[in-house]
Amino acid sequence: AAFQLIYNFGSPTGIANLFNNTFTNIVLNRSTTGFISSTGIAGIFWGTSASATHNFYNNTIDGMTNNGVGTLSPLSIGYGANASVYNNTIKNISCAGIALGINYGNSSSVNVNVYGNTISGITSTGAATAAYGILMGTAAGTGATGTVNIYKNSICSISSTGATGIAEGIRMFKGATSNIYNNLISGITASNSSSSTAVVGINIASTTAADIYRLYYNTVHLTGTGA
């Protein structure tokens with residue numbers, strides 16, 4: 001069943017500001033087939049009109065666990081012409097399915113800035129599931145159609161414990177023009193996985209040939225088993 005602490009799936013076209021919210025020590029036993037959608041499991045889920053402006057900042061989500069399958073996304077945002085997601089703290093997130101820190105973007109989102117966020121302790125415990133610090137888009141080739149800037153984020157301790165699980169600091173499914181820079185990524189592990197790409201610092205996973213990706217001045221430190 002779906003679960004969201006803050007939920008908007010309406011169609012406002014103005015400006016939304018979500019800030020200074022704190023959620024701690026949430027334990028769930030829910031299973032869902034929703035992947036980053038209104039039927040999924042999220043701390044904050046925001047899916048509004050394609051023309052809206054979103055500002056999400058200074059929110060803290062510390063300690064969110066789902067023992068069921070599905071996707072757990074503490075901060076999940078879709079749609080919107082312009083968005084800024086910054087200075088949020090997301091840590092100690094665990095799910096038997098896919099575990100995320102921040103997810104932004106679907107085919108109805110355009111420009112987005114994701115910066116100054118601190119993301120740590122994201123763990124997926126499923127046999128063949130994934131953990132991501134930042135996930136941009138919902139599937140390969142589906143995501144923001146404008147400019148995406150991801151910078152000055154601290155991402156650490158992202159882990160998958162499954163036999164074929166994967167762990168990634170940043171995955172880019174889509175961003176028409178993406179600038180990824182000055183991010184600090186460390187402690188990405190998948191110690192039990194037999195996957196040949198079990199651990200990735202930054203994964204450009206778009207299938208759109210025309211997309212432009214610029215990566216510079218990122219620090220990625222991968223060590224230990226599964227790295």
Nearest-0.5 Å distance, CD1 of residue I44 to CG of residue N8: 11.5 Å
Closest non-hydrogen atom pair between A96 and G68, with its separation: CB-O, 3.4 Å
Atom CG in L135, atom CZ in R171: separation rounded to 0.5 Å? 7.5 Å
Smallest heavy-atom separation, A128 atom then T164 atom, equals CB-OG1, 3.2 Å
When you measure from the side chain of N218 to the backbone of I185, do you find a donor-acceptor pair of N or O atoms at a distance under 3.5 Å? no
Locate the shortest heavy-atom distance separating A205 from F173; write the atom from each residue and the value. CB-CD2, 4.1 Å
Applying side-chain hydrogen bond (donor to acceptor under 3.5 Å, both in side chains), run through N66 and R30 and close with a yes or a no. CA-CA 7 Å; N66 181 42; R30 291 175 179 253; over 6 Å; no
Minimum heavy-atom distance I188-V200, with the two atoms named: CG2-O, 4.0 Å
Determine whether D62 and T89 make a side-chain contact, defined as any pair of heavy atoms from C-beta on separated by less than 4.5 Å. no
Ignoring hydrogens and angles, tell me if any N or O in the side chain of S160 forms a donor-acceptor pair with the backbone of T129 under 3.5 Å. yes
Minimum side-chain heavy-atom gap I102-Y132 below 4.5 Å: no
Nearest 0.5 Å, what's the CG-CD1 distance between L5 and I41? 11.0 Å
Which residue in the set V114, N149, I204 passes side chain to side chain contact (heavy atoms under 4.5 Å, CB included) when paired with I180? I204
Test of understanding: with side-chain hydrogen bond (donor to acceptor under 3.5 Å, both in side chains), list the residues that count as partners of N203, not counting sequence neighbours. E168
Taking every non-hydrogen atom, the tightest pair across K152 and N183: N-OD1, 3.4 Å
Which is it for L75 and I77 under the side-chain contact (heavy atoms from CB on, under 4.5 Å) test, yes or no, and what are the steps along the way? CA-CA 7 Å; L75 181 51; I77 308 159; 4.1 Å; yes
Within the side chain of N103, is there an N or O that forms a donor-acceptor pair under 3.5 Å with the backbone of G137? yes
Co-members of the apolar cluster containing F19 [side chain, <4.5 Å]: Y57, Y86, Y115, Y151, Y181, Y216, Y217
For a 4.5 angstrom cut-off between non-hydrogen side-chain atoms, does N179 reach T147? yes
Using atom types as modelled and distance alone, determine if a side-chain donor or acceptor of S124 lies under 3.5 Å from a backbone N or O of G97. yes
Suppose we screen for side chain to side chain contact (heavy atoms under 4.5 Å, CB included). Which residues come up paired with S94, at least two apart in sequence or across chains? T65, T123, T125
Does N55 reach the side chain of T53, with side-chain heavy atoms less than 4.5 Å apart? yes
Let me see the working for H54 and L18 under side-chain contact (heavy atoms from CB on, under 4.5 Å), right down to the final yes or no. CA-CA 8 Å; H54 307 313; L18 270 72; over 6 Å; no
Output the distance between atom CG (N88) and atom CG (N58), rounded to the nearest 0.5 Å. 7.0 Å
I155 CD1 to L184 CG distance, which is reported to the nearest 0.5 Å: 8.5 Å
Where do D211 and S206 land on the side-chain hydrogen bond (donor to acceptor under 3.5 Å, both in side chains) test, with the steps shown first? CA-CA 8 Å; D211 285 352; S206 175; 2.8 Å; yes
Student check: side-chain heavy atoms of F23 and N59 closer than 4.5 Å: no
Please name the pair of heavy atoms, one in M172 and one in S178, separated by the smallest distance, quoted to 0.1 Å. CE-OG, 3.4 Å
Are the side chain of N153 and the backbone of N117 linked by a donor-acceptor contact shorter than 3.5 Å? yes
Has the side chain of S195 got a donor or acceptor atom that lies under 3.5 Å from a matching backbone atom of T197? yes
Which distance, rounded to the nearest 0.5 Å, do you find between the CD1 of I6 and the CZ of F56? 8.5 Å
